[in-house]
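Read through the structure below, which is laid out as structure tokens, and then see the notes.
Keep in mind that what you see is a predicted model, and the values were worked out from it rather than measured.
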Amino acid sequence: MKEIQKIQKRSEVKTEETWNLTDLFQDFSHWTNEFNKLPSEDDLEKLIESKYKNKLSQSPEIIYDCLKCRDELSLRLENLFVYASLRNTEDVKNTESSEAVGKIEIKHSGLMSKFAFLEPELLKISQINEWIKIEPLKTYQFKIMELIRKKPHILTEQEESLLAKLSVSLNIFDEIHSKWNNADLKFSNALDSNGKEHIVSNSRYSLNLQAKDRVLRKNTYNSYNSEICKWRNTITSNYYGNMLSGSTVAKVRKFSGYLEAELFDDAIPVSLYDGLIDAIKKNISLLHRSMKLRKKLLKIDAVQPYDRAVSLFESKEEVTFTWEEGRDIVLKAIAPLGEEYVAIATQGLTQDRWVDRAENEGKRSGAFSWGTYTSRPYMLQTWTGTLSDVYTLAHELGHSMHSYYSHKHQPYHNANYTIFVAEVASTLNEALLSDYILTHMKDSDLAKSVLSENIENFEGTVLRQVLFAAFEREASLIADKEESFTPDTLEEIYLNLNKFWYGSECEYPEYVKHEWMRIPHFYSAFYVYKYATSYCASLALSENLRTDKEKTREKIFSFLKAGGSKSPLDILKDAGIDFLNSDPVANAFENYKRNIELAEKTFS
């Protein structure tokens with residue numbers, strides 16, 4: 001392990017290790033100038049009253065002009081919000097960026113609420129089905145058809161306006177959790193087997209749990225969870241607020257429950273969500289088989305939670321990568337997607353500073369890709385040199401390239417793809433990275449590490465995410481019945497799911513039941529199951545690339561360019577993945593089984 005080091009301040013980070021946000025704003029002075037140019041709520045309301053309100057039925061041109069006005073304002077607000085938020089992720093304790101996020105959230109809510117009349121008024125127009133088939137409204141055809149589909153759940157203008165104004169308050173629970181997770185938690189250093197201290201932080205927690213030193217893994221796990229469990233009452237109340245507010249809005253919109261409401265926007269049936277959980281449960285014996293192999297290879301009496309991330313293959317030398325090494329291997333791995341794709345990615349990673357990769361005090365944990373319609377993609381991660389970091393880079397690059405192609409080929413109103421398809425491009429890049437290493441570096445220590453990584457990725461991206469999805473499902477049912485959460489209730493649900501998932505080869509110390517508290521995605525309700533469906537889809541695409549490169553590449557680019565121009569299930573179907581009439585999950589389990597069998601032969 002590396003010597004313990006002091007975490008640098010943001011001001012100490014080298015420029016080349018940060019992202020370049022200048023195509024959004026030069027600095028907060030520039031941001032403030034643009035913020036001040038936004039219309040006031042009164043001025044916007046007067047404009048809407050004079051040009052649009054109660055006038056949409058007069059002509060398709062008026063509708064088009066109104067939609068365009070809303071889109072142009074939305075893009076301005078989006079640029080302001082994304083810049084402030086990205087700056088805040090650099091250091092969540094920075095008051096200037098925190099205040100900017102708060103200001104733009106309130107401004108966004110107030111201004112966009114003025115368009116609350118639009119959807120109810122559109123739905124009253126008898127000719128709307130004909131108008132959307134011709135110019136100028138044809139470009140909005142899919143969006144308006146989706147609006148018609150959602151008609152039973154759209155409220156009156158006054159009710160929609162009220163919900164729009166309440167949106168900041170109803171979404172505050174995510175921000176509370178983020179501040180707690182990234183700013184309030186303070187962890188004790190962890191000792192390794194030699195008595196040496198190691199920093200425990202959000203960014204280093206996963207790194208320490210990958211260490212070969214079991215004493216360090218155990219002490220890191222205990223340090224982290226002994227801190228978060230102190231907050232069990234606070235975080236339970238915060239999560240209850242998040243779930244209850246979501247469930248309440250769902251019922252106001254005439255949905256049967258929170259899950260149905262959240263799936264409805266993507267036109268995903270509840271049966272798909274529940275069917276995914278059932279499919280995982282039916283095949284869970286494969287995870288038990290993997291845990292048995294893990295116990296054998298690690299030579300331990302039982303698999304503890306802090307044993308699940310360490311590689312099954314123990315290399316004589318620790319496999320680490322400089323940023324340049326990791327970046328270059330990812331660029332080589334994505335070659336099957338074609339020269340143009342690789343050239344754009346290379347430009348982003350070598351010259352245009354898409355990535356913020358340094359560790360610094362206050363930096364948000366985890367990784368993401370973000371940006372706006374008019375900006376370059378932005379990727380956040382903390383580079384520590386592990387193989388997992390290389391996979392994270394490949395993953396976030398997939399998101400960024402998806403956004404790049406979507407923004408380039410779709411108008412603003414169709415450019416944003418839904419979360420259901422968001423993880424396909426990212427996990428496809430991971431699959432290509434694995435294929436590259438296993439093919440070009442066969443029998444090397446790195447290839448053996450990747451075999452282990454493939455198993456761990458499936459367990460983390462499919463199996464564990466569906467465990468989270470099952471937890472959310474049970475929690476939401478409690479909220480839908482308007483019964484209150486208690487720490488004991490949620491801890492029991494989470495502990496029982498873990499025992500079923502990981503089986504008898506594992507042990508479940510007291511801290512296991514508290515782990516749910518640290519999962520930020522629980523505040524993006526019913527998000528995590530999409531990791532599993534996307535991973536299954538990307539495994540199928542990567543296999544198809546091997547057997548029919550040109551045809552599959554064409555389908556992949558059709559998918560990347562589609563944005564949100566169709567329903568997500570239709571977009572995936574065009575790419576050859578049909579979740580309703582085939583079984584990508586069963587195919588993914590076959591891949592997982594082959595990897596386990598290969599690991600049993602290779603490592604035993």
Side-chain angles (χ1 to χ4, degrees), residues 206 209-222 224-226 229 274 276-314 451-475 488-519 528-529 531-532 535 585-586 588-604:
S206 296
L209 291 191
Q210 295 171 42
K212 290 298 181 182
D213 189 327
R214 198 181 191 206
V215 173
L216 174 59
R217 298 201 304 269
K218 179 179 179 179
N219 288 337
T220 297
Y221 181 82
N222 289 340
Y224 194 97
N225 289 284
S226 64
C229 75
D274 289 338
L276 174 65
I277 295 173
D278 289 341
I280 298 302
K281 287 181 175 179
K282 288 176 183 176
N283 290 280
I284 205 65
S285 60
L286 277 174
L287 179 57
H288 300 167
R289 179 175 172 180
S290 175
M291 290 299 107
K292 184 176 182 180
L293 175 63
R294 177 168 292 275
K295 185 175 78 169
K296 176 184 176 183
L297 295 177
L298 296 182
K299 299 176 182 178
I300 52 181
D301 294 332
V303 178
Q304 300 287 349
Y306 47 81
D307 295 322
R308 295 177 194 154
V310 64
S311 177
L312 295 174
F313 172 67
E314 186 169 0
L451 173 58
S452 175
E453 187 85 8
N454 280 351
I455 293 171
E456 291 150 29
N457 281 346
F458 187 86
E459 291 168 1
T461 308
V462 177
L463 303 182
R464 186 162 175 78
Q465 299 304 320
V466 176
L467 184 157
F468 292 161
F471 174 80
E472 281 190 278
R473 182 68 163 126
E474 294 197 37
D488 289 343
T489 301
L490 295 184
E491 288 165 3
E492 182 180 7
I493 292 171
Y494 192 78
L495 179 60
N496 288 339
L497 285 170
N498 268 269
K499 288 181 176 179
F500 179 84
W501 244 249
Y502 289 99
S504 59
E505 303 294 339
C506 301
E507 286 188 354
Y508 306 91
E510 181 74 10
Y511 287 141
V512 169
K513 65 185 183 184
H514 302 299
E515 288 176 356
W516 72 268
M517 294 165 55
R518 64 179 291 261
I519 310 302
V528 292
Y529 87 98
Y531 281 113
Y535 195 89
V585 177
F589 266 107
E590 285 300 314
N591 181 280
Y592 178 50
K593 182 180 179 181
R594 288 196 299 270
N595 282 330
I596 291 175
E597 290 172 345
L598 182 58
E600 288 170 340
K601 294 177 182 177
T602 303
F603 301 144
S604 296

Partners meeting ring-ring contact (aromatic ring centres under 6.0 Å, His included) with [X] (sequence neighbours left out):
X	value
Phe471	Tyr494, Trp516, Phe522
Tyr502	none
Phe458	Phe589, Tyr592
Phe603	Phe313

Interatomic distance, [X] atom [atom1] to [Y] atom [atom2] [nearest 0.5 angstrom]:
X	Y	atom1	atom2	value
Glu492	Asn496	CD	CG	5.5 Å
Tyr529	Ile280	OH	CD1	13.5 Å
Leu312	Ser290	CG	OG	6.5 Å
Leu209	Lys218	CG	NZ	13.5 Å
Ile455	Leu287	CD1	CG	11.0 Å
Asn283	Leu463	CG	CG	9.0 Å

Any idea which heavy atoms bring [X] and [Y] closest together, and the distance?
X	Y	result
Pro509	Gln304	CD-OE1, 3.4 Å
Ala599	Leu293	CB-CD2, 3.9 Å
Val310	Ala211	CG2-O, 3.6 Å
Ile277	Ala470	CD1-CA, 3.8 Å

Report the residues that fulfil side chain to side chain contact (heavy atoms under 4.5 Å, CB included) with [X], sequence neighbours left out, ordered by chain and then residue number.
X	result
Asp488	Arg232, Thr486, Glu491
Ala475	Tyr239, Met243, Phe485, Leu490
Glu474	Ile493, Leu497

Among residues at least two apart in sequence or on other chains, which ones pass salt bridge (charged side-chain N to carboxylate O under 4.0 Å, His left out) with Glu510?
Lys513
Only counting residues at least two apart or in another chain, list the ones meeting salt bridge (charged side-chain N to carboxylate O under 4.0 Å, His left out) with Arg473.
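Applying salt bridge (charged side-chain N to carboxylate O under 4.0 Å, His left out) to Arg473 gives Asp274.
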Are [X] and [Y] side-chain neighbours, meaning at least one heavy-atom pair lies under 4.5 Å?
X	Y	answer
Pro305	Tyr221	yes
Lys212	Ser311	yes
Leu495	Lys499	yes
Tyr535	Gln465	no

With side-chain contact (heavy atoms from CB on, under 4.5 Å) as the criterion, how do Tyr306 and Thr220 come out once you've worked through the C-alpha distance, each side chain's angles and the decisive distance to 0.1 Å?
CA-CA 8 Å; Tyr306 47 81; Thr220 297; over 6 Å; no
Please tabulate, one pair per line, all N/O donor-acceptor pairs under 3.5 Å involving side-chain atoms of residues 295-303, not counting sequence neighbours.
from: Lys295; atom 1: NZ; to: Glu505; atom 2: OE1; distance (Å): 2.7

Please, which pairs that meet salt bridge (Lys or Arg N to Asp or Glu O under 4.0 Å) have at least one residue in residues 452-471, sequence neighbours excluded?
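Sorted result for residues 452-471: Arg294-Glu456, Arg464-Glu515.
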Would you list the pairs meeting salt bridge (Lys or Arg N to Asp or Glu O under 4.0 Å) in which at least one residue belongs to residues 278-289, sequence neighbours left out?
Arg289-Glu600
